[in-house]
There are 2 protein chains.
Amino acid sequence: MAKSNAPITEHLAYLLAQANREINRQLELRLSKERVPVEQWRILKVLSDGDGHSMGELADAVLLNHPTLTKMIDRMVSDTLVYRVQDPNDRRKVLMFISDRGKVLCKKLNSLAVDQEEHILESYGDKSTSELKRLLESLIDSSN
Amino acid sequence: MAKSNAPITEHLAYLLAQANREINRQLELRLSKERVPVEQWRILKVLSDGDGHSMGELADAVLLNHPTLTKMIDRMVSDTLVYRVQDPNDRRKVLMFISDRGKVLCKKLNSLAVDQEEHILESYGDKSTSELKRLLESLIDSSN
DNA sequence: TTGAAAATATTGAATATTCAAGAATTGAAG
DNA sequence: CTTCAATTCTTGAATATTCAATATTTTCAA
């Protein structure tokens, strides 16, 4: 049974927040070389399959609230990294696509992100990393 | 070696963000019964040892930037959950203390948080939970 | 001892996020 | 068919967060 007087550092929610903050900070630092926030990298990465993705779908995938995504996409459209197309099958929807410029940037960002993953692999270990990923996936699954 | 064309869902940074978002959302939902944001629960919990904690120390412990913490503490002082005392040994510092009202609230919040931990234990399992905690701690350690 | 650098916390302006409401389109029941 | 509810996205106002600058105190070297 969980104890209500346990220090906060023993709560799963806290450990997740702490780890996330730290890893995210590191990633942020790398991506800042291209002046791109982590969320924009996620967006480019999801769109880099070349398909059109609706805003709702994207919001889920990149872990952003709907209005926040809208405004971030506005900026990215200004920067010509992505563009909007109205969905011909359902005109309530907007389909987002990545531009050529977006693709070029995404490649650079991917390699910065991979740098980080490898840095983690080195200091944290192959085994731990894949085990942690497995456990996180299963936690996420069990939360739906 | 990490692959740069791997889907975003395979990146550790993404899995952490996703899991954190989900677990945090659940916790938020419970704490909303007392209309308290997760960060305020963390603050109360850290202060509930009864000692005075400086703002810098607190900011680290509760995973908030310094100015964000200052403003959140302002609100909590208005709500008489905590109070400030100038550190007599180093007058640059401010020591934060929890009030009696804060303690009462903290108890209620703790039990809401424990509810969640137990819910996770049920659906995710004892073994996985403690293994995940262990791995997260060690990831955090290895990142310093 | 003095004066410059470092540490600590807060403030204000600039940005970003969120909540609630709105506009447009679709679905579906009567 | 028509109308009303549901879906999708955006907008605007209210909040919250962040960055850079400031004020205060301490540290420490000259």
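Remember, predicted model here, so these are calculated numbers, not experimental data. Every chain is numbered from 1, with letters handed out A, B, ... down the list of sequences.
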A.B. asks: Are more than 12 heavy atoms, taken from residues, nucleotides or ligands other than B:His119, located less than 6.0 Å from that residue's NE2 atom?
C.D. replies: no

A.B. asks: A side-chain contact here means heavy atoms from C-beta on lying under 4.5 Å apart; do A:Leu69 and A:Ile73 qualify?
C.D. replies: yes

A.B. asks: Is it possible for you to say whether A:Leu16 and A:Ile120 belong to one hydrophobic cluster, with membership spreading through side-chain heavy-atom contacts below 4.5 Å?
C.D. replies: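 Yes.
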
A.B. asks: Please convert DNA chain C into dot-bracket. A pair counts if it is Watson-Crick or G-U wobble with both distances under 3.5 Å; crossing pairs go in [ ] and bases paired with another strand get |.
C.D. replies: ||||||||||||||||||||||||||||||

A.B. asks: So, do B:Leu136 and B:Leu132 sit near enough that their side-chain heavy atoms are less than 4.5 Å apart?
C.D. replies: yes

A.B. asks: Got A:Asn110 and B:Asn5 here, is their nearest side-chain heavy-atom distance under 4.5 Å?
C.D. replies: no

A.B. asks: Mind running a 4.0 Å heavy-atom check of residues 15-25 of chain A against DNA chain C and sending the residues that fall below it, in number order?
C.D. replies: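 Nucleic-acid contacts, sorted: none.
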
A.B. asks: Just list the side-chain donor-acceptor pairs under 3.5 Å for residues 53-64 of chain B, sequence neighbours left out, or say none.
C.D. replies:
residue	atom	partner	partner atom	Å
B:His53	ND1	B:Glu57	OE2	2.8
B:His53	NE2	B:Asp49	OD1	3.1
B:His53	NE2	B:Asp49	OD2	2.9
B:Ser54	OG	B:Glu57	N	3.2
B:Glu57	OE1	B:Ser54	N	3.4

A.B. asks: Can you tell if the side chain of B:Val82 reaches within under 4.5 Å of the side chain of B:Val77, non-hydrogen atoms only?
C.D. replies: yes

A.B. asks: Which ones in residues 49-75 of chain A lie close to DNA chain C, meaning a heavy atom under 4.0 Å from one of its atoms?
C.D. replies: A:Asn65, A:Pro67, A:Thr68, A:Lys71, A:Arg75

A.B. asks: Which residues in residues 79-99 of chain B have at least one heavy atom lying under 4.0 Å from any atom of DNA chain D?
C.D. replies: B:Asp90, B:Arg91, B:Arg92

A.B. asks: Quick one: hydrophobic cluster around B:Val85, which other residues, with the 4.5 Å side-chain cut-off, linked directly or via members?
C.D. replies: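 So far as hydrophobic clustering goes, B:Val85 is joined with B:Tyr83, B:Leu95, B:Phe97.
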
A.B. asks: With salt bridge (charged side-chain N to carboxylate O under 4.0 Å, His left out) as the rule and sequence neighbours excluded, what pairs involving residues 127-136 of chain A come up?
C.D. replies: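 For residues 127-136 of chain A: A:Glu117-A:Lys133, A:Glu131-A:Arg134.
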
A.B. asks: Partners of B:Asp87 by salt bridge (charged side-chain N to carboxylate O under 4.0 Å, His left out), sequence neighbours excluded?
C.D. replies: none

A.B. asks: For a side chain to side chain contact (heavy atoms under 4.5 Å, CB included) check, start with the C-alpha distance between A:Leu44 and A:Met76, then their side-chain angles and the critical distance, and finish with the verdict.
C.D. replies: CA-CA 10 Å; A:Leu44 291 173; A:Met76 295 176 77; 3.7 Å; yes

A.B. asks: Quick one: side-chain contact (heavy atoms from CB on, under 4.5 Å) partners of B:Ser142, sequence neighbours excluded?
C.D. replies: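 If we apply the side-chain contact (heavy atoms from CB on, under 4.5 Å) test to B:Ser142, skipping adjacent residues, the hits are A:Ser123, A:Tyr124, B:Leu139.
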
A.B. asks: Do the non-hydrogen side-chain atoms of A:Leu27 and A:Trp41 ever get within less than 4.5 Å of each other?
C.D. replies: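 Sidechains of A:Trp41 and A:Leu27: in contact.
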
A.B. asks: For DNA chain D, which nucleotides open and close the run of contacts to chain B, 5' to 3', at under 4.0 angstrom from a non-hydrogen atom?
C.D. replies: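 Listed 5' to 3', the contact boundaries are D:dA16 to D:dT26.
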
A.B. asks: Among residues two or more places apart or on two chains, list those pairs meeting salt bridge (charged side-chain N to carboxylate O under 4.0 Å, His left out) that have a residue in residues 15-31 of chain B.
C.D. replies: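 Checked against salt bridge (charged side-chain N to carboxylate O under 4.0 Å, His left out) - neighbours excluded - the pairs reaching residues 15-31 of chain B are B:Glu22-B:Arg25.
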
A.B. asks: Could you tell me which residues satisfy side-chain contact (heavy atoms from CB on, under 4.5 Å) with A:Thr9, sequence neighbours excluded, listed by chain and number?
C.D. replies: A:Pro7, A:Tyr14

